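Quantities reported herein were computed from a predicted structural model and do not represent experimental measurements.
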Amino acid sequence: MLGWRLGPGVGLQPMMRRREAAYGFLVGSAVGVGLLSAGWLIEVGTQRDVLRWLPVVYVGLLAVAGAVGASWWAELKEQAMTDPLTGLFNRRYFLSVLDKYIAQVRRSGGRVSLLILDVDNFKRINDRFGHPEGDRVLRQVAGAIVAASRRSDVVARWGGEEFAIILPDTDAHGAQCAARRIARAVEAATGISLSVGWATFPDEEEGALLTRADERMYRHKRDKDSGA
């Protein structure tokens with residue numbers, strides 16, 4: 001089964017969640033006690049019934065807290081799914097989606113393919129122009145790959161100068177056609193050439209998909225270097 005290994009720090013996450021929940025409970029309790037105390041003091045000092053307005057205040061506070069919490073959660077979720085440099089999905093999210101597509105093919109039949117794309121001569125770009133220029137090239141290539149892909153395709157940064165694409169409902173022939181089309185489109189848009197490898201499930205075993213795509217990508221690179 002395709003997947004990823006979680007680092008040793010992941011074991012701390014439940015503890016951190018419990019700690020943050022405890023902080024939230026204490027802050028909420030303190031605010032509630034403070035509002036009740038303030039209302040009681042105002043009522044005693046002014047002889048006016050202000051406690052009846054506390055539910056309105058609570059609803060307002062809960063609405064604000066809900067909006068802030070939802071915005072914060074959405075930002076955290078996006079950060080967990082995306083690569084900060086290119087804005088594409090990250091490797092972890094890519095693998096989780098690939099698992100779902102493979103499971104869907106197992107249930108319903110069909111095909112799912114993937115591509116691994118590597119920027120040619122990227123080390124020369126970094127060595128000659130520096131890492132800021134290398135980062136700019138990666139962002140430019142990422143945008144060109146997305147523009148050349150279908151809306152249903154899942155485009156991710158695989159790592160370093162490598163990208164990966166899930167091609168739903170695509171057989172081996174379609175994957176090879178997509179590889180050529182995307183590589184040509186990226187080179188036309190950016191002047192940067194790509195080496196691309198492909199693999200298709202269930203034509204190839206699930207555990208070998210990434211290996212087979214990598215092998216084909218490096219074979220493509222060697223063929224170009226040798227002029228074949």
Participant: Below 4.0 angstrom, N of the basic side chain to O of the carboxylate: do R139 and E133 qualify?
Facilitator: no
Participant: Which residue pairs satisfy the side-chain hydrogen bond (donor to acceptor under 3.5 Å, both in side chains) criterion with at least one member in residues 149-159, sequence neighbours excluded?
Facilitator: D83-R157, R150-D153, R150-T170
Participant: A side-chain contact here means heavy atoms from C-beta on lying under 4.5 Å apart; do N126 and H131 qualify?
Facilitator: yes
Participant: A side-chain contact here means heavy atoms from C-beta on lying under 4.5 Å apart; do I116 and V196 qualify?
Facilitator: no
Participant: Quick one: closest heavy-atom pair of M217 and S195, and the distance?
Facilitator: CG-O, 3.3 Å
Participant: Compare every heavy atom of L114 with every heavy atom of A213, then report the nearest pair and how far apart it is.
Facilitator: CB-CD1, 3.5 Å
Participant: Indicate yes or no: at least one non-hydrogen side-chain atom of D120 is less than 4.5 angstrom from one of I192.
Facilitator: no
Participant: Are the side chains of V155 and V146 in touch, meaning some heavy atoms are under 4.5 Å apart?
Facilitator: yes
Participant: State the OG-CG distance between S193 and L117, to the nearest 0.5 angstrom.
Facilitator: 11.5 Å
Participant: Show every donor-acceptor pair shorter than 3.5 Å between a side-chain atom in residues 176-185 and any protein atom, with sequence neighbours excluded, or say none if there are none.
Facilitator:
{"unit_1": "Q176", "atom_1": "NE2", "unit_2": "A172", "atom_2": "O", "d": "3.3"}
{"unit_1": "R181", "atom_1": "NH1", "unit_2": "A148", "atom_2": "O", "d": "2.4"}

Participant: Hey, what do you get for CG (L88) to CD1 (I145), rounding to the nearest 0.5 Å?
Facilitator: 7.0 Å
Participant: Please answer: with hydrophobic residues joined when any side-chain heavy atoms are less than 4.5 Å apart, are L167 and F201 in the same cluster?
Facilitator: no
Participant: Can you find a heavy atom in the side chain of E161 that is under 4.5 Å from one in the side chain of L138?
Facilitator: yes
Participant: Determine whether D99 and E206 make a side-chain contact, defined as any pair of heavy atoms from C-beta on separated by less than 4.5 Å.
Facilitator: yes
Participant: Please identify each residue that fulfils salt bridge (charged side-chain N to carboxylate O under 4.0 Å, His left out) with K123, with sequence neighbours left out.
Facilitator: D127
Participant: Report the C-alpha separation of T190 and V137 in whole Å, then their side-chain angles, then the decisive distance to 0.1 Å, and conclude whether the side chain to side chain contact (heavy atoms under 4.5 Å, CB included) test is met.
Facilitator: CA-CA 8 Å; T190 67; V137 167; over 6 Å; no
Participant: Grab the two heavy atoms, one from A199 and one from R216, that are nearest each other, plus how far apart they are.
Facilitator: CA-NH1, 3.8 Å
Participant: Check whether any side-chain heavy atom of V112 sits under 4.5 Å from a side-chain heavy atom of I166, and report yes or no.
Facilitator: yes
Participant: Cluster question for you: counting only ILVMFWY and a side-chain heavy-atom cut-off of under 4.5 Å, with indirect links fine, are L85 and L194 together?
Facilitator: yes
Participant: With a 4.5 Å heavy-atom cut-off, do L95 and L210 have their side chains touching?
Facilitator: yes
Participant: Looking at L115 and W198, what are the two nearest heavy atoms and their distance?
Facilitator: CD2-CB, 3.6 Å
